[in-house]
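Below you'll find the structure, written out as structure tokens, and then a few comments.
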Amino acid sequence: SSGINAEYGGVFVIDGVMDPDEYHSRVNNSAFTNSAAQLNLLFAIEAAEKLGKLPDPRWVAVSDKIKIPYDDKLRYHPEFDGYTQGTLIKQASVVLMGYPLGVSMDADVRRNDITVYEKCTDKGPGMTYSMYSVGMLELGDEATAATLFKIQFKNLRAPFKVWNEYPEYIGCTNFLTAVGGFLQSLVHGYLGVRVFETYMTVSPHLLPACTRASYTGISYHGERFDFEVKQGGAFTITRTTGTAFEVWNAVNAEGKVWPLVTGKAVDLVAGEYKICLSDHWEVVDCDR
């Protein structure tokens with residue numbers, strides 16, 4: 001790539017890249033690549049402000065106008081300039097905008113991105129269907145998420161259940177990228193962990209064909225938390241480290257607060273919760 005360049009019409013473009021889809025090289029304006037570049041600029045602005053520095057005004061100007069391919073009629077993101085819907089892709093690319101990049105978009109656009117590209121994904125490296133599953137869980141479609149989640153197991157290689165790059169024993173053995181994808185489909189998919197500067201959120205779903213799922217030692221800001229999801233919608237959070245001088249809370253969408261005392265399990269019902277530090281029990285400002 002030659003970097004970010006100005007284009008006629010006041011937008012900024014990035015030409016000649018290969019994004020995560022390795023079947024297409026030297027493409028212009030990859031939706032994923034340009035989104036990542038935009039986030040990097042926003043991070044640079046935030047970092048400068050925290051360090052007491054004046055951000056370069058060009059960072060703001062460019063980040064606001066980086067071209068992100070989008071089809072308003074079909075309501076999805078073409079993978080790059082000139083991409084034709086249905087063209088075979090190697091692996092997840094556009095769907096990575098929703099997770100892990102966290103690009104904001106309407107729910108129907110997010111769903112369309114997953115549906116469009118899942119249909120034209122080649123046999124699929126081990127890390128691809130994990131991302132499709134995570135996306136469907138974000139949207140609350142547990143049935144489709146379960147189907148996509150289970151496809152990952154085609155990449156397990158007998159007799160030791162080692163993750164393979166492709167199904168049918170093709171490609172690399174002990175493919176760590178597939179291992180990472182599978183772990184993310186658990187922690188960031190079925191437990192629904194999302195990490196922000198001053199809080200993290202969890203939005204648990206029970207794993208398919210399971211009656212209980214436990215997640216231990218999830219670390220955030222030096223604290224560790226255990227989570228358990230049970231059949232019937234029961235959900236438990238346990239803070240396992242820390243001192244009484246630091247007050248951590250779980251907060252639901254209605255603003256109800258549950259103090260997380262070290263070593264004491266808090267019984268809840270499945271839903272979205274913010275887990276954050278507060279100065280005292282009564283006031284929880286998780287959006288600071």
Side-chain angles (χ1 to χ4, degrees), residues 92 95-96 98-100 107 110-111 114-115 118 121 123-168 174-195 200-220 223-241 250-253 258 260 263-275:
V95 296
L96 302 177
Y99 171 83
R110 177 77 164 126
R111 177 180 292 275
I114 298 167
T115 303
E118 191 275 324
T121 300
K123 289 184 178 179
M127 66 285 200
T128 287
Y129 284 92
S130 57
M131 297 298 101
Y132 294 149
S133 176
V134 168
M136 283 302 183
L137 286 166
E138 279 183 356
L139 296 168
D141 188 342
E142 293 192 49
T144 303
T147 299
L148 297 168
F149 175 78
K150 291 174 183 177
I151 291 174
Q152 298 178 89
F153 292 98
K154 293 180 180 180
N155 292 58
L156 282 178
R157 187 166 187 167
F160 300 111
K161 304 300 183 183
V162 174
W163 287 97
N164 211 64
E165 184 175 7
Y166 294 97
E168 302 169 0
N174 196 21
F175 190 55
L176 295 182
T177 313
V179 176
F182 177 69
L183 289 174
Q184 288 182 75
S185 69
L186 297 174
V187 175
H188 301 284
Y190 278 94
L191 183 54
V193 170
R194 297 292 183 273
V195 176
M200 73 173 177
T201 61
V202 292
S203 183
H205 301 266
L206 188 60
L207 285 159
C210 291
T211 58
R212 184 179 68 180
S214 298
Y215 304 82
T216 60
I218 302 297
S219 181
Y220 177 73
E223 299 285 335
R224 290 185 180 272
F225 301 89
D226 293 348
F227 302 91
E228 187 171 66
V229 190
K230 296 181 181 179
Q231 199 170 38
F235 178 53
T236 302
I237 304 176
T238 306
R239 178 185 171 199
T240 60
T241 59
V251 188
N252 70 4
W258 288 265
L260 299 175
K264 182 179 180 180
V266 176
D267 295 322
L268 306 165
V269 295
E272 183 171 319
Y273 295 89
K274 287 183 177 180
I275 296 176

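Predicted model only: the values in this text are computed from it and were never measured.
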Ignoring hydrogens and angles, tell me if any N or O in the side chain of [X] forms a donor-acceptor pair with the backbone of [Y] under 3.5 Å.
| X | Y | value |
| --- | --- | --- |
| R157 | P159 | no |
| E223 | Y220 | no |
| N164 | N155 | no |
| T240 | R224 | yes |
| T128 | A92 | yes |

Quick check for you: to the nearest 0.5 Å, what is the distance between [X] atom [atom1] and [Y] atom [atom2]?
| X | Y | atom1 | atom2 | result |
| --- | --- | --- | --- | --- |
| S133 | D141 | OG | CG | 10.0 Å |
| F160 | N174 | CZ | CG | 12.0 Å |
| L176 | L183 | CG | CG | 10.5 Å |
| E142 | L137 | CD | CG | 6.5 Å |
| L207 | L186 | CG | CG | 6.0 Å |
| L268 | W258 | CG | CH2 | 5.5 Å |

Next on the checklist: Determine whether Y132 and Q152 satisfy the following criterion, side-chain contact (heavy atoms from CB on, under 4.5 Å), listing intermediate values before the conclusion.
Outcome noted: CA-CA 11 Å; Y132 294 149; Q152 298 178 89; over 6 Å; no
For the residue pair [X] and [Y], what are the closest heavy atoms and their distance?
| X | Y | value |
| --- | --- | --- |
| L139 | A107 | CD2-O, 3.7 Å |
| G181 | M131 | O-CE, 4.4 Å |
| M200 | V195 | CB-CA, 4.2 Å |
| S185 | S130 | CB-CB, 3.8 Å |
| L148 | Y129 | O-CB, 3.5 Å |
| L206 | V229 | CD1-O, 3.6 Å |

Checklist entry - Any side-chain heavy-atom pair from V95 and M136 closer than 4.5 angstrom? => result no
Checklist entry - If we only count heavy atoms from C-beta on, is the K264 to R239 side-chain gap below 4.5 Å? => result no
Check: residues 208-219 side-chain donor-acceptor pairs under 3.5 Å, at least two apart:
residue: S214; atom: OG; partner: E228; partner atom: OE2; Å: 3.2

Item to check | Short N-O contact, R194 and E138, less than 4.0 angstrom | outcome: yes
Item to check | Check against side-chain contact (heavy atoms from CB on, under 4.5 Å), Y273 and V251 | outcome: CA-CA 5 Å; Y273 295 89; V251 188; over 6 Å; no
Checklist entry - Please walk me through it: do F175 and Y166 pass ring-ring contact (aromatic ring centres under 6.0 Å, His included)? => result CA-CA 9 Å; F175 190 55; Y166 294 97; 7.6 Å; no
Next on the checklist: In terms of relative ring orientation, are F227 and F235 parallel, tilted or perpendicular, with 30° and 60° separating the classes?
Outcome noted: parallel
Checklist entry - Which residues satisfy the side chain to side chain donor-acceptor pair (under 3.5 Å) test with H188, sequence neighbours excluded? => result none
